[in-house]
Amino acid sequence: MTLLSVKNLRVNLRTDAGRLRAVRGVDISVERGQTLCLVGESGCGKSMAALAMLGLLPPSAEWSADEMKLDGVSLLNAGQSTLSNIRGNRVSMIFQEPMTALNPTFTIRDQLCGVYRRHKGGNRAQARERAIYLLERVGISNARNRLDQYPHELSGGLRQRVLIAMALMCEPELIICDEPTTALDVTTQAQILVLLAELREELGMGMIFITHDLGVVSRIGDHINVMYAGRVVESGTRDAVLGCASHPYTQGLLRSVPRPGVNGLQSRLGTIPGTVPSFYQADPLCPFRGRCERKLPICASQAPPVRSGAGHHSALCHNTEISSIAGNSA
Amino acid sequence: MSDIPLSGQTEAEHLRTLRKKARRRAVLAHRGLIFGLTVVLLVAFVAVFAPLLAPYDPFAQNLSLRLAPPFWHDTASPEHLLGTDQLGRDYLSRLIYGARISMGIGFGAILISGLIGCTLGLLAGYFGGKVDAVISTIITVRLSMPIILIALAVVAVAGASLKIVIAVIGLLLWDQFAVVTRTATLQVRSLEYIRSAQAIGCSLSHILIREILPNIRAPVIVVATVELAHAILLEAALSFLGLGVQAPLPSWGLMLSEAKTFMFFSPWIITLPGVCLFILTLAINLLGDGLRDVTARGK
Amino acid sequence: MTMSKPLLRAKGLVQSYRVKSGLLSGARELHALKGIDLTINRGEIVGLVGESGCGKSTLARILLGLEQPVSGTVEVDGVPVTQADKRARARRIQPVFQDPYGSLNPSMIIRDIIALPLKVHQICPADERMRRVARLADQVGLPARLLDAVPGELSGGQRQRVAIARALIIEPELLICDEPTSALDVSVQAQILNLLMDLRRDTGVAMLFISHDLAVVEYMTDRMFVMYLGQIVETGPTADVFSAPGHHYTMALQQSVFSPDDDAGLPTTRLKGNPPSPLDPPTGCAFHPRCEAATGTCREISPELVDLRKGGLCACHFPLGVDSGNTPLTRSDPHALRESG
Amino acid sequence: MLEFTLKRLGLGVLVILIISVITFILSHVAIDPALGLSGDSATAEDIEAIRQRYGFDRPLMLQYFDYMGRLLQGDLGQSYLSGRPVSELLAERFPDTALLAVLSIGFAMIVAIPLGVIAALKPNTLVDRAALFIAVCGQAIPNFWAGLLLILLFGIYLQWLPISGSTSFVHFIMPAIALGSYAMPALMRLVRAGMVEVLRSDYIRTARAMGVRRRTILFKYGLRNAILPVISLIAVQFGFMLGGSIVIESIFAINGIGYLAWQSMSRADMPVIQAIVLIISMIYVVLTLAADLLNSLMDPRIRINR
């Protein structure tokens, strides 16, 4: 059974300038042991979608969805207390900024054990054993002594490891990582990615990995949703999306990344002309039509269809052929 | 030579007009801000045109008509809308002239304290290090001294006159300006546009006045309103204690002090100046809160 | 391209900060730069790679004259520059900073921001100034209608174009770009990188391109330096460094570049542990606690930069691609030192 | 932590030294102390004699060191009016003022902290607006006028409370409300702002994402971090209460140091005034020092220097 299944998720933010449509009908589905990457540039709605799934949206936000099921059980009408029992227990989340994500006035032990005892009960010793085990597992040496330290005594990389340990305290079925390596140094980033992939394997969790970095996606993703202006414009397995990108936006993104062995004197980077469209107007047409090189007259009059190919590979576009090879998809 | 047509302009312009509209709406919808602004402008108008607006000479005594009650009493004197005081002077006229004293002292004092405080705060925030240590110590010293007592002592030594009261209040109320300017400057100082200006070779005065000051004006204006209200209340308190504005000048605080002996029989005589003080300071505070809300929203 | 006299030469730059931790324990020294030598030739783009805290931004600020090094000199055209000729230096070296949201004064309009250097250096009359601003705005791809906007109305990429225009308007010979694209989305980053390449072709301005992203440095630069904890650990022509890195740290950085390929697996990390604190640097080679090839020598002796291949230097006792057995390669070998000194 | 304490202590001593210079100037330079000591009926020769006897003709630096020496021995000088030692006068009057200040700050805290927390939890609701309204009004009412109104209402019309004197606890109710209502708004705003900021922070989001209960988030995480700046403000406001007591004591005829200051002021009794200024400043310095230390005990970021 699908671990998490969300259909037609919409999130609006009330702002001074009107209603900002951050997420405009997104479908998400994650299986156990699988990593789904939500990838897109800033403002595409990827973080808002994740926060909505956990009931963590800011007060100015409103959301709706046709379906939201965790392990087959609908969460659409779940109250805050139900969600609170799920969060940190069955579904955990890791955020981007390790420097501010831990409470500065409590020790690592307080924060780790607090989560465990909140959901699993048990006594102090059990919680402590679990905390030490996990701290060691996420690569923190000297875990016993670290327990009594405060967050400001640790470096950014270590704090992110503590946050990962905290998210794993109750062995969640699903872990949502919102740009967990963006604030870290590149060499630390590689270490954290490997760690997260290993842990997912070990615990059989589902993982939603949110990032703007296509390179990171290529290393950790099984399935990829490319988001643009609040919608998923292309979806498919990693091999399909990165190898046979079908949507003009995905293709443009891939062309704009500097590749190894290429110097600017020899070739220019591909660019996507124009800027993101308004977030304030409801617009059923293709959000990318203003910047698209392959736009057709029909793009300005009809909503784009979902073109599907083999193995769940699909793109939201009038002018594309899904050409991925069926054999490659999972 | 650019290969990138920036077609998104309509979006930016659209947002800009939307934000402007939203801000105008926010200002108009902010009842506190509108109320505060109206009252402050009204009192300022009254203060400026006091000689034209006052029905009587505020100093003219009429001993035969002392403590006449205001219009809502049965025994009110028809000539004096708000009655007369213990010396038979027209209360409305005295209250109108009192606005002059309050506004004059308030604005005079915050001009002085704003200048001192902003200069100290800018220097401390921009240079940091030893300059900051020295200025922070000065601020701490100032905060440690009880304002009213020091003001009273200085007035007691130097004698009470309008100028002295303005100077004393101005020289005492700069601390919040300094604290807020310092903090704001510290935040702005590390931003890259300041470093760019330094790398361009801009002079120190250009950096302080053109690059930093305009970008910290919002918090400074908010402090200015708070301190304006503070200065007006402080003047009233000094005058109430008999060591501020001297009789026969009609300061609201002094009027309260003179009237308190008669408040048991004529309660309105302490009500009226108090209400004036209350409404003016309330309006200034609401104006400041409103400005804070509206500027914070823009960010 | 290469001329006898480099445009900029930094020699033995040392910078340290006193980090106050308290009255009694006294201030600790944070060694941000430990003797940096660096040259930039005319029209050349030189890359500087390193992770946070390695001192690359400190170096940028010293080259810009925004802070004074403890020791070492900066020469422009063979002439040492001092604090006194700040304005002269400003005309020749200009910065482009990282944060597009912090690098423009929010209360000035774009036109005045770009014109400011002309005004400060009193280069031309006001009407000529505006013509130059318009010309440059066109050159960096900034629509003319944006010139009367304030920074708050511009997108990140547009702001970075403004910052580049401001830096270029007094026609400097060297741009110091400190992570100019790391706060931007990839598609915008591509626009800005293309723009910088075009400007280099059209104006011949030299650049020091500072970044933590090795892929961007490979794309942009002719020559590059790799920094680790205040020291240069490897340098050489970019193509050579990439094809055959000598330092284990360069190798690790290279492995941390993820290009979006469909057949890439999980990254291979050979690094151990976490980055050390600059306040408490390791002994010997600063990289030894994380290096898989570290030996006792690495723990004790700090390696010096030695010639590894033609035009490339590397500070490592056991560099990659050189089979030296168990004998440390560098001159800092105690025996070698004894012989030479 | 020790270093922090020593540093703060050093600053405190420095501040008190600077204030002692200011009070010295007030009492020895701004007006002629010999004139004050000699009384109204003294002749020019009497004054000259006093000047020589007390050493007022010596260089100011010497006089200042003398003054400091006497201060350190607890000798605050002698009142011109009553001729009694100032320290004696202060000791007599201080308890009433201290009681008034404690009651006032207590009143302010009891109103401000719950209101601030509730307002922060329900931003932009009726409760929040009501709290804000109370704060704005409290800030705008001149406390001497509030005192007079309280006297009219509870003292004259309702006759519930005595209107002057300081002989019993009941006498302090009205003065404490009048004085406390000025400190209350600032406290309330800070509690509200601190709470709002903490609740919006990344670590609260982390806690929510980990399913930590709302109650725990509010009272264990939220209040604890929001209360840190409030401690400092309470210390600051307590100092203001002592200074502000002069107005309230004069209205309610409470025989504290504020009333003493007012009496001395109108007759230019400088030794008393300078002593009161000095004492209040010292109390302020000690209180803010204590608040900073308390803060650093509660906040590990200060407590543990890496």
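Since the structure is predicted, the reported quantities are computational estimates derived from the model, not experimental observations.
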Rounded distance [0.5 Å steps], CZ in D:R205 versus CG in A:L54:
11.0 Å

Rounded to the nearest 0.5 Å, what separation is found between the CG atom of D:D202 and the CG atom of A:L163?
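Separation between the atoms: 10.0 Å.
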
Is it the case that atom [atom1] in [X] sees more than 12 heavy atoms from other parts of the structure closer than 6.0 Å?
X      : atom1 : answer
A:Q149 : CD    : yes
A:K120 : NZ    : yes
D:L126 : CG    : no
A:N142 : CG    : yes

Do side-chain atoms of D:T206 reach the backbone of A:A101 as a donor and acceptor pair under 3.5 angstrom?
yes

Test your reading of the model: is there a side-chain donor-acceptor pair from A:R87 to the backbone of D:R208, 3.5 Å cut-off?
yes

Under a 4.5 Å heavy-atom cut-off, does chain A meet the side chain of D:R200, its backbone, both or neither?
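The answer is neither part of D:R200.
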
From the options A:P172, A:S92, A:C170, select the one residue that forms a side-chain contact (heavy atoms from CB on, under 4.5 Å) with D:M210.
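Exactly one option meets the side-chain contact (heavy atoms from CB on, under 4.5 Å) with D:M210, and it is A:S92.
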
Using heavy-atom distances under 4.5 Å, tell me whether [X] contacts chain D through its side chain, its backbone, both, or neither.
X      : answer
A:L102 : backbone
A:N103 : both
A:M99  : neither

Walk me through whether A:R118 and D:R213 qualify under side-chain contact (heavy atoms from CB on, under 4.5 Å).
CA-CA 8 Å; A:R118 154 76 176 90; D:R213 282 202 180 83; 3.4 Å; yes

Of D:N225, D:V212, D:I204, the largest count of non-hydrogen pairs under 4.5 angstrom with chain A goes to D:N225

For the ring pair A:F106 and D:Y221, is the centre-to-centre distance below 6.0 Å?
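Under 6.0 Å, so yes.
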
Just do the side-chain contact (heavy atoms from CB on, under 4.5 Å) check on D:M298 and A:T105 with the steps written out, would you?
CA-CA 8 Å; D:M298 289 179 68; A:T105 52; over 6 Å; no

Compare every heavy atom of D:A209 with every heavy atom of A:M93, then report the nearest pair and how far apart it is.
CB-CB, 4.1 Å

